[in-house]
Amino acid sequence: MSHRGKHRILMVSDFFYPNFGGVENHIYYLSQCLMKLGHKVIVMTHAYGNRSGVRYMTGGLKVYCIPWKPFLMQNTLPTFYGTLPIIRTILIRERISLVHGHQAFSTLCHEALMHARTMGYKVVFTDHSLYGFADVGSIHMNKVLQFTLADVSQAICVSHTSKENTVLRSGLPPERVFVIPNAVDTAMFKPAPVRLSNHEIVIVVISRLVYRKGADLLVEVIPEICRLHQNVRFIVGGDGPKRVRLEEMREKHSLQDRVDMLGAVPHAKVQSVLVTGHIFLNSSLTEAFCIAILEAASCGLLTVSTRVGGVPEVLPDDIIVLAEPDPNDMVMAITKAIDLLPQIDPEEMHNRIKKLYSWHDVAKRTEIVYDRALKCSNQSLIDRLPRYLSCGAWAGKLFCMVMIIDFLLWRLLQMWQPDRNVEVVPDINLRSPHGEEKWDFGADEI
Amino acid sequence: MDEAPIITKGRYTYVHDVRIGSPEAIDVHHISISRSVTDFLSLCSYALRLAAACFPIFALMQKTMSVYDLLMLDKPVAIVFWSFVVAGLLIRQILRKQVKKESVIILPAFGVQLETVYRSGKTVHQFVPIDKILKSVLNECVTPVTCYWSLSLIIRGEDELLLAFKGLYPPITMLVPIWKALCAAIDDKKGADIPSDCDNR
């Protein structure tokens, strides 16, 4: 299935363009860089409103928006076996060699990985978030993850903290988990051409204003900083349920001229907001990696962040000031950052980040994971079932039954519509000069 | 008539005719679908299941209904007989809607004629003048359970694409030569009309 060591990869997730976020950007940039390396990448996601069917993005990235409507928080309705026919059709017609699923919270990802394993394809999973262990939602999520990862070829996590979290939640052996950090598009996130004066210090906050992102901490920290330092101004971008609390705080302390609330900032405008500031404040309560602070550092801002999750692994110690997720500690950290500001050179910071992080590097490392995954041996259903049995006393038996039924349904589908009846898509060379489009049907067509 | 190249794939057969016409040759592309053994068997099983579904409906009909005496529904034999009659009528309706052959006839400088021939013998024609066709496109259609190729025409002033093959799902290897022929015919017409048609050029 692969041509000269090049792979044909299917990326699956419920989270993709036109939504913007960490997972969406990761899939897009990784796909673009893998295509530059010569691999063929196809993305599968659910339909977004009218956006349904096959779409092509930059560089010929083909996206299948399958018409399964999302039912809860952007996730497709989990029907266990409902997506088997369409996934099988896509895997055969595109001659996929490897399936790469993203995000533990995506139901489409779990279903696709399950069906791909049943059909004998190699499977890679990337986890982008940290999850808890204690509440009901997390317990169920972790069980589902255990089921999916029981038989995955390789797994990728975006930080060492995330690897620890994933290994504990899923019971996967650590040697099968790779750590490949996210990266940032340094060509897009550049510092301001003219350096800002330090007469008035501007602190920028851009995040979704929800509990998880520490919006409640901001409500305590902002008035205290404004009281202690008269020359400090805040710019808050983003929207969410906690926005009301921040507006109330502004009214209560009469900070309308010192705190600007921008509302939701489109991703394309984030850089223009970041370059108006000196310091970037991140108050998340949990974060597997945090691309936001990387974007801020690429724009030459000094970062102040809570010491949670994978945040300490992202930036070198001299361009980030860490604090506990406690208002007093954060106020001290911001004061320390304001004192450090004269020593910061935005251009030098940007060049450092450029050397440390690049999506091309992420793609090369991911390629190594794919090569490793494809070297795993092919196993029949009987050999794979014991892995599911070890998931738990009752859960193990349930998972085995689910996989056996999936296998039987697959065989039934093969009898009804044999593999050879599914037409293979010809390779269309979109980069050829305008004129004759070449249709390469391959040797097995007429 | 020139020799007609034939491509057969699965149940679909593609025939390309070039007829002598005036002022230029008429390009005709036919795609037909053959009946298979599984089709016949599935029809029989479908008929049996429909008949079985009709049994309870007839059995539960009340004595007070006027058709009860007419159809003699108190006898079990009559119920079975009428169930098969109803199932047979429904199957006949389904068969009538089945498409036997679809054709795309390209009349250079005039337009494109789309023909659909049903199993019942009925033929439906649709003519599209060449001026109204903007472009012909090969689209991948995605449904919740499958994905297939379709050949469509973009018509000026219309929101929706016009499908060239409405009842059949031919393989891409058969659609490509038809698409190329359509593009050539549309481009020839655009080439002749360059002074008046300057939207994109």
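So that the names make sense, note that chain A is the first sequence line, chain B the second, and so on, each numbered from 1. This structure is a prediction, so every number in the text was calculated from the model and none was measured.
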J.: What part of Lys62(A) gets closer than 4.5 Å to chain B, counting heavy atoms only: side chain, backbone, both or neither?
T.: side chain
J.: Only heavy atoms, only distances under 4.5 angstrom. Which residues in residues 84-94 of chain A are near chain B?
T.: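 Pro85(A), Ile86(A), Thr89(A), Arg93(A), Glu94(A) fall under the 4.5 Å cut-off.
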J.: Need one label for Cys147(B): side chain, backbone, both or neither, based on atoms under 4.5 Å from any heavy atom in chain A.
T.: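 Interface part for Cys147(B): both.
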J.: Would you find more than 12 non-hydrogen atoms of other residues, nucleotides or ligands less than 6.0 Å from Lys143(A) atom NZ?
T.: yes
J.: Is it the case that more than 12 heavy atoms not belonging to Tyr169(B) sit under 6.0 Å from its OH atom?
T.: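 Open.
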J.: So, using salt bridge (Lys or Arg N to Asp or Glu O under 4.0 Å) as the criterion, who are the partners of Asp27(B) when residues are at least two apart?
T.: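 With neighbours one apart ignored, the set is empty.
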J.: How about NZ on Lys69(A), more than 12 heavy atoms from neighbouring residues, nucleotides or ligands closer than 6.0 Å, or not?
T.: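 Atom NZ in Lys69(A) is not packed in, count stays at 12 or less.
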J.: So which atom in Glu423(A) and which in Thr173(B) form the shortest heavy-atom distance, rounded to 0.1 Å?
T.: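 That would be OE2-N, 4.1 Å.
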J.: Does CE belonging to Met57(A) count more than 12 external heavy atoms closer than 6.0 Å?
T.: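 Yes, the 6.0 Å shell around CE holds more than 12 heavy atoms from other groups.
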J.: Decide if atom CZ of Phe80(A) counts as having more than 12 heavy atoms of other residues, nucleotides or ligands within a radius under 6.0 Å.
T.: no
J.: Is atom NE2 of His140(A) surrounded by more than 12 heavy atoms (other residues, nucleotides or ligands) closer than 6.0 Å?
T.: no
